[in-house]
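A short write-up of the structure that comes next.
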Amino acid sequence: MGQRRRSADLIDSLARHVISVGGLCVIVAVLAIIFFILREGLPLFYPAKSSPQPPLPIPLQAGQGATSLLVTSDEYREFVVTLDRDGVVRLRSPQDGALKQELRTPLLKGEVLTAASEPTMGSFIAATESGLVVPLRLQFQVRWEGGRRVLQPRLSGGPVLDFERPEDPIRKVSGARLEGGGAQAAIVTASGELLYGVFNAVEEKTTIFRLTDEVSPRRLSALAMSSNGEWLVAGAEEGTFNVWQLEAGEAPSRIQSSEASAAPITALAFLLGDESLIVGDAAGGVAVWFPLRYLQVANTAEAPVRFEGTLLRPGEQQRILDRGYATEYSHIPALTFTTAGRSFRKIHTFAPHPHGVTALAASSRNRGFISADTAGGVWLRYATTESTQARLHAGKDAIRSVAFSPRLDGIFALDAAGRVHRWSLQNSHPDATLENLFTKVWYEGAMESAHVWQSTGGSDAFEPKYGLWPLLFGTFKGTFYAMIFSVPLAIVAALYLSQLGPSRLRDVCKPVIEIMAALPSVVVGFLAALWFAPLVSQHLATALLWLLLMPPCLGAALGVWYLTAKVLRATLRPGVELVFIFAAFVVAFLIASSLGPFLENAFLGKDLATWLFERFGIVYDQRNNIVVGVALGFAVIPLIFSICEDAMCSVPPAYTSAALALGASKWQTAIYVVLPAASPGIFAAILLGLGRAVGETMIVLMATGNTPILDLSPFTGMRTMSATIAVEIPEAAYGGTLYRVLFATGFLLFAITFMINTIADTVSYRLRRRYGRY
Amino acid sequence: MVDTRSASGGDAAEARTLRAASRPSGEGAPYIWTTSLAVVLVLVMLVGIVVLILVNGLRTFWPSPLVEVLLRDGTRYLGEVHAQEAKPQAQRTGRAGAPAEYRTKLKIGNRDLGAADFVWIDNASIKAQRPPSDALVFERLEYGNFYGRLKEVRAGERPVAGGGEEGIATLRRFHRTAAGKRQKLDDLRREQLNIRQPLTNLEREISALRGSRFAVSEEGAAELRRLEPQLGPLQNQLNEKVRPLVVEQERLRRDLEGLRVVMETANGKIASIALADIVRVTQPNTMGMHHKVLHYLGKLIEFIWQQPRESNTEGGVFPAIFGTVLLVFLMTIAVVPFGVVAAVYMHEYARQGRLLRIVRVAVNNLAGVPSIVIGMFGLAFFVYGVGGTIDQLYYSRYLPTPTFGTGGILWASLTLALLTLPVVIVASQEGLAAVPQAYREASLALGTTKWQTIHRVVLPNATPGILTGIILAISRASGEVAPLMITGVVKLAPSLAIDGSWPFLHLDRKFMHLGFHIYDVAMQSPNVEAAMPMVYSTTALLLLLVLALNSVATIVRGKLRQRYAGSKL
């Protein structure tokens, strides 16, 4: 007996511990979800981390100043690479600066006067004292030897462009390779000449164009050519710059001359994608310029025409930013639009250096760049977010050349004293800041700043656009229409079934509606997208007419019912009204479905959607807000209904009995007693419905068209947070920016729904306490 | 007397008023009456949707009659009428005010000959229309249906039958032969694959190793050097074994190639179709009711038991059913113990207080967290976190190709378990709460320990509540798609998660799912129109499944309520 008792006690305490530990674990695990999601999203907002390493002194050559012209590195940061004045590419160990390898090319003869690096990996262009310009390429072959990585460098060069000016030393050079083995370059010489040369690989000859006369004023201080060879920019000491659009082999055409700064322009570079120009000046200013498209608008009519708030006189022309006016004003034939080329405009201005800018380097992977100044400041910037992510210091000497390591995990800077400064860098998510997730951003190629979500694009140079606003907006737009549709229906249905209608009806309808809560959302989404959406778009007139006809039909049915009720007063049983309503409903539909096409046919001659677009410019998407509102609303009706109904039923019978005893009618009791008493429950029901609609995924994924637009029209689609997560996260690289942005979105979604649900729960808890039941 | 009468008259009047108030014609009745509109609308929508899905989903398999249409321009079409409707305004030729025009949507199939499966015909352009009795429909393995008339049946190079009734009988006979041979061919192919399995495994191992980071290490290179020479001898040895099978297959294939049927389309085009490519031959216009029922059942069985064909738009959905069931099964195994333990802890052991209330609210609210967010958690935690770690520890030789570090049925079912955990916890708590306190007290008074009370008294009485929770969880899980999309569901899984090769249950495999099948075929199939019947059928299947589960849960809960009437449930 005692033995059994003891073993029972043992089992009991064992069970107690197991269940307590297990239960606590489950609860903790469930609660840990939110922290885990946050943890995945949070690294997005970590600042760039950099750790400096001691500078490497590079031995000076006898009788000269610092000999290196530029610095770069290989993909694995195994070498610090410099191009030196003697035409040798030297590879040094980044640990101690020990010389590892020297690479020479026969193409570089004599002293190299100046050199520039292209943002693409390992490409430079060097100008020698004999007036030759040589594009160079440094490549590394990776071999594996016994599990160790061995890098085999190879230096290649050419084609050589001969500018034939041995007596006039080259001061600045910039160039680009062309497809098919050609190359082009521009130089500024000591005497202030600006020359542009193209080497044609087929004819093997160099054509030189002299651009000096086109430049005014003429004292040039900076030069940059985009690596796709489309743009040539020359900056002058007066703070202006000139832009030429290049067409290989043809004389360049100057398209722009702009005042960029009061101080001399000292550095120019192109960002990845060759569309954005970085301009640095002697006063430390750094800005990014984009080429924007312009339109020439002309009034060809005899009378003045109003255009964008101004009056265009007959024959008058205006050059304006191309914001899609051609389609917007297509209904005014007097206005003609012709494209008027592109010109650069200052878009992003960055925090200025305290000293003059000497060097710029663009990243080869994203929109980041480095600007360096005369006092050793090396600042890491990001163009999209207009932010300065790190301010690094490299001694007191002017910086001559800066470079990212190809994997963006390090920065190298070469100062005028010939020292190489290195930092290792951890900057995983420069393109998403808390601010630019929610504010307007001026993206490259756009005509104005905007909220945009476009996370992936075709090319490497694509600028990801992580504006969460369109997604938030889409989520709440869809939810709003869903609530408008579902809340009145659900509440009124609950009121009728719980208070007004016959109780037999309630016993049948309530479980039916509640079972419908389990209708898989993919089923609703499929029907909304492939059955309801085409149906509505085809019979838009009928659908709208039906809505319009419902009140008069109900009124008419009401009249009929009054007459019937007079005659049959005693024999009418409660619940008969359903039949009448149903009849009115069907009659309204029948009238609408025959009247709709007839009216369209008779008055419009086309269907309503087309007519709306042609007449008012209202776009009608097939998968639009009305469709989503109905589908999503349909999905949340059972939830709202069932909680409302519970709340109404839980109003103590004493309340209703008292009201009825005082002579209130059933309707009065329902409206003035039950509804107010149940209002917290109804509120909770609405909130729970809202929470469900906000997070619903499949319906919106299938029925919205997934276009991330900011548009209040009920006839257009949208893109919600949940659908974006579902579509994009399988493609997002683990740990990448998109992955983390989506987790931040998920966290937002979680937070919103959790908050809504908690409020609802608190409210209904109060209600339960007040009435002490259910 | 008068007074009394008047008083009684007053009473009567009052009674009338009261009765009137409860009758439809009472005061406020028009309002009451209008509110019933909401009920009507909700019911019409609910019932309408279910009816729409069931009708569309279940009529798919019913043979539809064929009709031959002759247009005024001499074009002929043969096919099934799919829809009749008033032409959209945009396509009308007439000016505003002209009477409505109608058009017909005809499924004409023959995708390999013409362009589209469907054609819209202006009713105005139809010259004649009749139901041809000699027209045949072939369901084919590829290119969808074929509609046409029989010209001749060929075996080898020689024709064995012409057109007509007799030809059709021959066709059916030869088709049965061809089907048998195709079956044999499939069996042989499977057998060959089975024999070659060691080779396939070795090849897979080698190719996985080749692409891995492990291969560049000393050890990995040695492993590859060890494995690669085994390939040749094994290949030779197995080739020797399968040679008779290959020869037999070759013979069957030649036979099948010769069994062809020559058909004439409505427009007189001649097409030669291999009998082996034909799944089913029907002559719908001459079918009796009994044949139609048989046809229907056959198609229904095919739908449930067969593999999908033609990028999921035809054939069956067996892998999807299998995936759904297995997924839900695994989910149930995972969710039940945890959910019940948590509920027992919260209800029986934990100190009831403010903290517990907060935990309860949090667990309740978790049920309202969007499923896609739980899916994200599943992706980050299970797939990348746990799966990634398993790969690092046990499958590192294949990296960067993931084994468990990618979506699979295990991760998907665990994610669903997490999603349904609150449902189970809440329902189990309700079940526990419904057990009268007196039971516990009586049991404890008899000297049992707490665990004995829980184990012998509380849990058995709470079973219906727990069961309800489990059924609700299953029904929620079987309809949920969004979290699966990011944790391992695929449109077409090459193999089921359970098969004959060790370890039989492959938890790392991707799987198919009914809900995702609907999404995929409806939204991403290249030929949505032709796929619609399939989508409707799948939808009907899923709907029936979910509704059945829910009805069971509702009934169980109803029984429970009756049993413990007056308790807190």
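Atoms considered below: every heavy atom in the structure, side chains included; atoms not considered: hydrogens, waters and symmetry mates. Labels below follow one simple rule: chain letters A, B, ... track the order of the sequence lines, proteins then strands, and each chain is numbered from 1. These numbers were taken from a predicted model, which means no experiment stands behind them.
The line from CG of B/L379 to CZ of A/F743 is 5.5 Å long, rounded to the nearest 0.5 Å. Remark: A/I33 CD1 to B/L366 CG distance equals 5.0 Å, nearest 0.5 Å. Here B/L37 contributes atom CG and A/Y496 contributes atom OH; the two are 11.0 Å apart, rounded to the nearest 0.5 Å.
Residues passing the side chain to side chain contact (heavy atoms under 4.5 Å, CB included) test with A/F532, sequence neighbours excluded: A/V536, A/V627, A/V630. For A/S722, the side chain to side chain donor-acceptor pair (under 3.5 Å) partners at least two apart in sequence or on another chain are A/T720.
Within the 4.5 Å cutoff, side-chain heavy atoms of B/L46 are placed close to those of A/I513. Inter-residue side-chain proximity for A/L527 and B/Y536 is flagged as met; some heavy-atom pair is nearer than 4.5 Å. Looking at heavy atoms from C-beta onward, B/I53 lies out of side-chain contact with A/W531 at the 4.5 angstrom threshold. Contact annotation: the side chain of A/D761 never approaches that of B/R360 to less than 4.5 Å [non-hydrogen atoms, C-beta and beyond]. Looking at A/I19 and B/E348, their side chains never come closer than 4.5 Å, going by heavy atoms from C-beta outward. The shortest distance between side-chain heavy atoms of A/F641 and B/V42 does not fall below 4.5 Å.
Contact annotation for B/V44: only side-chain heavy atoms (C-beta onward) come within less than 4.5 Å of a heavy atom of chain A. Interface remark: B/L421 contributes side-chain atoms only to the contact with chain A (heavy atom separation under 4.5 Å). Of the two parts of A/A529, only the side chain, counted from C-beta on, holds a non-hydrogen atom closer than 4.5 Å to a non-hydrogen atom of chain B. With a threshold of 4.5 angstrom between heavy atoms, A/R692 does not approach chain B through any atom at all. Contact of A/L489 with chain B is made through backbone and side chain together, with heavy-atom distances under 4.5 Å. Looking at A/L742, the atoms closer than 4.5 Å to chain B (heavy atoms on both sides) sit in the backbone and in the side chain alike. Of the atoms belonging to B/V47, not a single heavy atom falls under 4.5 Å from chain A. Contacts of A/F526 with chain B are made by side-chain atoms alone, with heavy-atom separations under 4.5 Å and no backbone atom involved. When heavy atoms are compared at a cutoff of 4.5 Å, B/V373 approaches chain A by way of both its backbone and its side chain. For chain B, the nearby part of A/I637 is the side chain; its heavy atoms alone come within less than 4.5 Å. For a residue to count as touching a neighbouring chain, one of its non-hydrogen atoms must lie under 4.5 Å from one of that chain's; by this rule A/A494 does not touch chain B. With a threshold of 4.5 angstrom between heavy atoms, B/Y349 approaches chain A through side-chain atoms but not through N, CA, C or O. Residue B/L549: no heavy atom, backbone or side chain, is found under 4.5 Å from chain A. B/I454 does not touch chain A: none of its heavy atoms, backbone or side chain, sits under 4.5 Å away. Of the atoms belonging to B/M346, it is side-chain heavy atoms, and not backbone ones, that fall under 4.5 Å from chain A. When heavy atoms are compared at a cutoff of 4.5 Å, B/S551 approaches chain A by way of both its backbone and its side chain. Looking at B/V528, only its side chain comes within 4.5 Å of chain A, counting heavy atoms on both sides. Neither the backbone nor the side chain of B/L472 comes within contact range of chain A; no heavy atom of the residue lies under 4.5 Å from a heavy atom of that chain. For a residue to count as touching a neighbouring chain, one of its non-hydrogen atoms must lie under 4.5 Å from one of that chain's; by this rule A/F585 touches chain B with the side chain only.
A/P520 and B/V546 make their closest contact through CG-CG2, 3.8 Å (heavy atoms, listed as atom of the first residue, atom of the second, distance). Closest approach of B/V341 to A/G23, counting heavy atoms only: CG1-N, 3.6 Å. When all heavy atoms are compared, the tightest approach of B/Y384 to A/A732 is OH-O, 4.3 Å. Across all their heavy atoms, A/T753 and B/P370 have their closest contact at OG1-CD, 3.2 Å. For the residue pair B/Y345 and A/S20, the shortest heavy atom distance occurs at CD1-CA, 3.3 Å. A/M702 and B/M523 get closest at one heavy-atom pair: O-CE, 3.2 Å.
Of all the listed residues (B/F516, B/F338, B/Y519), the one sharing the greatest number of non-hydrogen pairs under 4.5 Å with chain A is B/Y519. Ranked by heavy-atom pairs under 4.5 Å with chain B, the first of A/G695, A/G525, A/P730 is A/G695. Chosen from A/V727, A/I671, A/N757, the residue pairing most often with chain B at heavy-atom distances under 4.5 Å is A/N757. Counting heavy-atom pairs closer than 4.5 Å to chain B, the top residue among A/T745, A/V524, A/L24, A/I756 is A/L24. Considering only heavy-atom pairs separated by less than 4.5 Å from chain A, the leading option among B/L542, B/L52, B/V50, B/L547 is B/L52. Among the candidates B/V363, B/I425, B/N364, B/V535, the residue making the largest number of heavy-atom pairs closer than 4.5 Å to chain A is B/V535. Of the listed residues (B/Q452, B/M376, B/M532, B/R476), the greatest number of heavy-atom pairs within a distance under 4.5 Å of chain A belongs to B/M376. In terms of heavy-atom pairs under 4.5 angstrom with chain B, the leader among A/A557, A/S521, A/A760 is A/A557. Ranked by heavy-atom pairs under 4.5 Å with chain A, the list B/A380, B/A482, B/A362 is led by B/A380. Annotation: maximal heavy-atom pairing with chain B below 4.5 Å, among A/P638, A/A8, A/A584, occurs at A/A8. In terms of heavy-atom pairs under 4.5 Å with chain B, the best-connected choice from A/I11, A/T697, A/D9, A/L495 is A/T697. Ranking B/T35, B/V40, B/N365, B/N550 against chain A, the residue ahead of the rest is B/N365, based on heavy-atom pairs under 4.5 Å.
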Review point. What do the steps show when you test B/I372 against A/F750 for side chain to side chain contact (heavy atoms under 4.5 Å, CB included), and what is the final call?
Key: CA-CA 10 Å; B/I372 187 76; A/F750 191 119; over 6 Å; no
